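For reference, the structure is listed below as structure tokens.
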Amino acid sequence: MIEIILIALAPIIGGLIYGLERVVRARMQNRKGPPILQPFYDMLKLIDKQAFIVNPYHSILGIMHFVTLWVVVAFVILGQNLLYVVFLHLLSALFLIIAGFSVKSIYSHIGANRELQAMIAYEPILIMTAVGFYMINGSFDISIIRESSPLLLSLPLVFLAFLMIIPIKLKKSPFDATEAHQEIVGGVEIEYSGIFFEFLYMSKWLEYVFIYLLLILFAGNSQILGAVLSVGVFLLVNLVDNSTARIKMKHLIKIVLGIGLTLSMINLIGLSYV
Amino acid sequence: MFDFKPIRKKSPWILHYNAGSCNGCDIEILACLSPKYDIERFGVINTGNPKQSDVFLVTGPVTFRSRERLIELYTQMPEPKVVMAVGSCTCTGGVFRDMYNVEDGLDRYIPVDVYVPGCASSPELIIDGLVKALEILESKTKEIEKPFKLFRNETNKDGVVNRRNSALKVGEEIDDEEN
Ligand code: SF4
């Protein structure tokens, strides 16, 4: 029962995280910042706006991106197979990329291209994480992973690699070249307006829920460690976001694949000898 | 039915366009977003994307070359929207008035809701203007407002729509044969 409620409320929880994050980021910059409920005001306003439809597929793919992402989050909460979750998440990203290529806007094309390149960077690490969980528990089932003792101790390097992909997924500096708000004006988001943009806006919130749910898996059955991890990573990601500049796509792939993949490989090879 | 109108003024997203300004007012607008004045506390985001914004901030006297982009951006913004003319030269032409390449103010092309004077206008004035603009935004309907000077038809060559010179210069007559 509690799972169903959590699944239904997932976008709202994500919205609250996003609102809190905007306040925290503002405080870090010595500003007052918007109210915590700001994302919901934005959402209600977007319902009221006139919507332009560039082509029907573009708008529908945006909605499908949101729906699949919600299904992904539901699967994680229900404790399904982690490998399915990773690949279903890939599908939801693919919908967005196809939507980006379905319009004529050059910014949208560049955004979709960069989204694809970012996928090359983060997807192997997500799979490595899943494999790491499998090597310890002998199962991809999230419900079994949640029962095990804290995995952080045996997967420290995989955890570091996972930390590197969080800014890519949440579109944060230094790895936010996929969205690049001043440079390519949001990339794939650019042609969405009104209620259709709202779905993209809300899928951003679901992305938060997804990433933090995966993060808590590292804590295994220890709830205190889970809470410490999520709060610590939340602050760390925002601190890094505030203090670094955006790097190029090429460097993003090099850094994330070069360092992240190597770290997780070393961890996994080490694990297989223990 | 739920009334969305009071929500509008809680999340104004800004589109900022420089129609040939000297950059003085642009810097003041950026100062508004900086920690000291922090208009993000009103929920303002500088989106840079016309399709998702509510407030159109224009600086500069509208040069001859910038007017088509101006109207293009204006028509790409979904209703309801408000237009703010920031700076003396955007309101009337200011120091650039009567120059050969300048169109003397924004309101000859698109309907303006709030005029913010000053050369350069101070961040306090811009915030005041923004608050005023949000009041107007609340009372707006979703009816489409037309820009004034988008008279000439767009040319359609090889299936590619060309909007070059679609806006007329002030005082210019439409040539019927051309259309
Ligand atoms: S009003 Fe003055 S400072 Fe502002 S853009 Fe015009 S000339 Fe520059």
Side-chain angles (χ1 to χ4, degrees), chain A residues 15 18-19 21-54 58-59 62 103-105 107-108 111 179-201 242, chain B residues 1-18 26 30-55 72-82 127 134 137-145 159-161:
Chain A
Y18 181 52
E21 184 200 276
R22 276 178 74 175
V23 175
V24 167
R25 222 165 48 196
R27 291 291 150 83
M28 282 177 177
Q29 295 166 356
N30 203 5
R31 289 188 288 129
K32 190 162 170 288
I36 284 189
L37 291 182
Q38 184 60 44
F40 300 100
Y41 297 147
D42 293 347
M43 190 191 88
L44 290 173
K45 175 206 74 178
L46 284 170
I47 294 177
D48 195 33
K49 289 283 273 188
Q50 190 190 23
F52 298 141
I53 297 178
V54 181
H58 180 244
S59 311
V103 289
K104 275 195 171 175
S105 163
Y107 290 124
S108 187
E179 192 182 70
H181 227 289
Q182 301 306 322
E183 184 191 335
I184 56 169
V185 215
V188 279
E189 292 170 9
I190 188 167
E191 292 287 346
Y192 285 96
S193 56
I195 193 142
F196 298 108
F197 178 61
E198 173 156 6
F199 284 103
L200 283 205
Y201 199 56
N242 268 335
Chain B
M1 204 28 213
F2 187 77
D3 187 16
F4 290 106
K5 282 193 174 174
I7 299 290
R8 278 184 198 166
K9 68 174 178 191
K10 292 197 164 167
S11 104
W13 290 8
I14 281 179
L15 174 67
H16 169 207
Y17 178 58
N18 178 338
D26 302 287
L30 290 184
C32 286
L33 289 159
S34 70
K36 184 166 181 193
Y37 296 99
D38 185 27
I39 46 173
E40 204 197 337
R41 66 196 159 151
F42 301 123
V44 170
I45 299 181
N46 195 353
T47 55
N49 181 350
K51 295 198 171 179
Q52 294 152 10
S53 24
D54 311 280
V55 182
E72 188 86 342
L73 285 174
Y74 180 80
T75 42
Q76 275 186 15
M77 281 176 69
E79 305 286 341
K81 61 189 168 197
V82 283
I127 293 175
L134 296 185
L137 182 65
E138 205 178 348
S139 60
K140 284 246 168 163
T141 56
K142 284 165 83 172
E143 212 168 291
I144 293 172
E145 290 175 61
V160 178
V161 177

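All of these numbers come straight from a predicted model, not from anything done at the bench. Throughout, a chain's letter reflects where its sequence line sits, starting with A, and its residues are numbered from 1.
- Rounded to the nearest 0.5 angstrom, A:E191 CD and B:Q76 CD are separated by 7.5 Å.
- The nearest pair of heavy atoms linking B:N49 to A:I190 is ND2-O, 3.0 Å.
- Ring-centre distance between B:W13 and A:Y41: not below the 6.0 Å cut-off.
- Atoms CD and NZ, on A:Q50 and B:K81 in that order, are 7.5 Å from each other to the nearest 0.5 Å.
- Put simply, NZ on B:K51 and CZ on A:F196 are 12.0 Å apart, with the number rounded to the nearest 0.5 Å.
- Residues forming a salt bridge (Lys or Arg N to Asp or Glu O under 4.0 Å) with B:D38 (at least two apart in sequence, or on another chain): A:R31.
- At a 4.5 Å heavy-atom cutoff, the contact between A:Y201 and chain B is made by side-chain atoms alone.
- The part of A:N30 that comes within reach of chain B is its backbone (N, CA, C, O), which places non-hydrogen atoms under 4.5 angstrom from that chain.
- Note that the CG atom of A:L46 and the CD atom of B:Q52 stand 8.0 Å from one another [nearest 0.5 Å].
- By the 6.0 Å contact criterion, OH on A:Y107 is open, its count of non-hydrogen atoms from other residues, nucleotides or ligands being 12 or less.
- The salt bridge (Lys or Arg N to Asp or Glu O under 4.0 Å) check on B:D54 picks up A:K45, A:K49, with sequence neighbours excluded.
- Checked against B:E40 for a side-chain contact (heavy atoms from CB on, under 4.5 Å), the options A:K32, A:R22, A:Q29, A:Q38 give a single hit: A:R22.
- Contacts of B:I39 with chain A are absent, with no heavy-atom separation under 4.5 Å from either backbone or side chain.
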